[in-house]
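Keep in mind it's a predicted model, so treat the numbers as computed, not measured. In listed order, ligands and their atoms are each counted from 1.
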Amino acid sequence: MNHMGRGQQPIDVVIVGGGPAGLSAALSLARSRRRVIVVDAGRPRNMTASHMHGVLGHDGLSPLRLLELGRKEVAGYGGRLIHGEVTSARTDGAAIEVDTAIGTIRTRRLLVATGLDDDLPNIPGLRQQWGRGVVVCPYCDGWEHRDDVIGVVATSPHSIEQAQLLRQWSDRIIYFANALGVPATDEMDALVRRGIAFEPSLVTGLRIDDDRVTGVEVDGRVVPVGVIFTGPTPRPRDALLRSLGAATTNGPFGSWVDIDADGRTSVPGVWAVGNVVNVRANVSVSLGLGSLVAGALNAELVSDDIAQTRATPSLSV
Ligand SMILES: Cc1cc2nc3c(=O)[nH]c(=O)nc-3n(C[C@H](O)[C@H](O)[C@H](O)COP(=O)(O)OP(=O)(O)OC[C@H]3O[C@@H](n4cnc5c(N)ncnc54)[C@H](O)[C@@H]3O)c2cc1C
């Protein structure tokens, strides 16, 4: 089945991924009277968190409720929403075909907003507490744990910075070195100067009571904590972009798909936004970038529309 837009016109933009970035772009595009379809698998990165923080006007709202509101707004302007996972698409240079649960959709542009996966440290109990008793972002959850005993379970050299950052929210920080061992002398000095406790041993598990993290197991002991911050390895969900041949660059977090300042990938007609191409995009940034990319995408479509109008013989009136 090949899906076209209203009046058999092709769809303007298919957006793969209906998180904050994809839905924000969809809202702007639908309000620009573009024919937009969002295909979403329904697994946003922060789905295990019951509350979302630092999002102006929505502080404390559930992340899933934000998306529910966003979907309603997009649909209200004529945007179409399809549930399902997109695993294949192709481009012939002129248009793009996207395979979805309801058939193949032909579109002028493809915007990929599929987010990223957090590769968590392999510690028993940690995954079950992800987004609740185990979190990543001080700006999202630091305030809620101010003055608490905060355990930082190290996963990389950046974990030292995470511990130092969290000292802003509490003076009871414990840095669990886990497999990373003793840090460099200057880093260790800085931990001591800031009153950050140091646990050198391997972390073997978490202590959970009544579904709450209460401690970290090391050396057969339980060190009491109120919450754990850790730094998962970010894995962009970029298989679709890579399958289309999008160029990538190696950085501190591995190989990521390149975009220009507007969100264009190296593949003509294929754009990307949000965590799939930007590890630092929190909800507010994803919403903002979705809007920014939608503006640039719409402008490019307008340029195409102008070029196509020129090709049509002018009518005398
Ligand atoms: C535990 C936790 C708590 C957080 N709390 C906060 C917070 O309080 N405040 C804050 O600002 N930020 C927070 N964040 C960060 C926030 O989750 C991200 O900034 C945000 O989700 C990025 O939005 P996105 O649209 O790029 O990706 P996502 O929200 O991950 O959305 C991507 C969507 O694309 C879908 N998708 C993926 N692949 C496909 C495919 N092939 N086909 C179809 N659909 C697909 C996914 O199912 C998902 O619905 C938190 C993150 C975590 C891990």
Within 6.0 Å of CZ in R167, more than 12 heavy atoms from elsewhere: yes

More than 12 non-hydrogen atoms from neighbouring residues, nucleotides or ligands closer than 6.0 Å to CZ on R242, yes or no? yes

Is it true that E68 and R65 have a side-chain N and a carboxylate O under 4.0 angstrom from each other?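 Result for this pair is yes, salt bridge flagged.
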
Answer with side chain, backbone, both or neither: which part of [X] has a heavy atom less than 4.0 angstrom from an atom of ligand 1?
| X | result |
| --- | --- |
| A113 | backbone |
| N275 | both |
| R237 | side chain |
| S286 | side chain |

Could you say whether the N/O atoms of [X] and ligand 1 ever approach to under 3.5 Å?
| X | value |
| --- | --- |
| H53 | yes |
| A41 | yes |
| G131 | no |
| V55 | no |
| R45 | yes |
| G22 | no |
| D40 | yes |
| R43 | yes |
| P20 | yes |
| V276 | no |

Which one of T100, N46, V38 has a non-hydrogen atom at the shortest distance from atom 4 (C) of ligand 1? N46

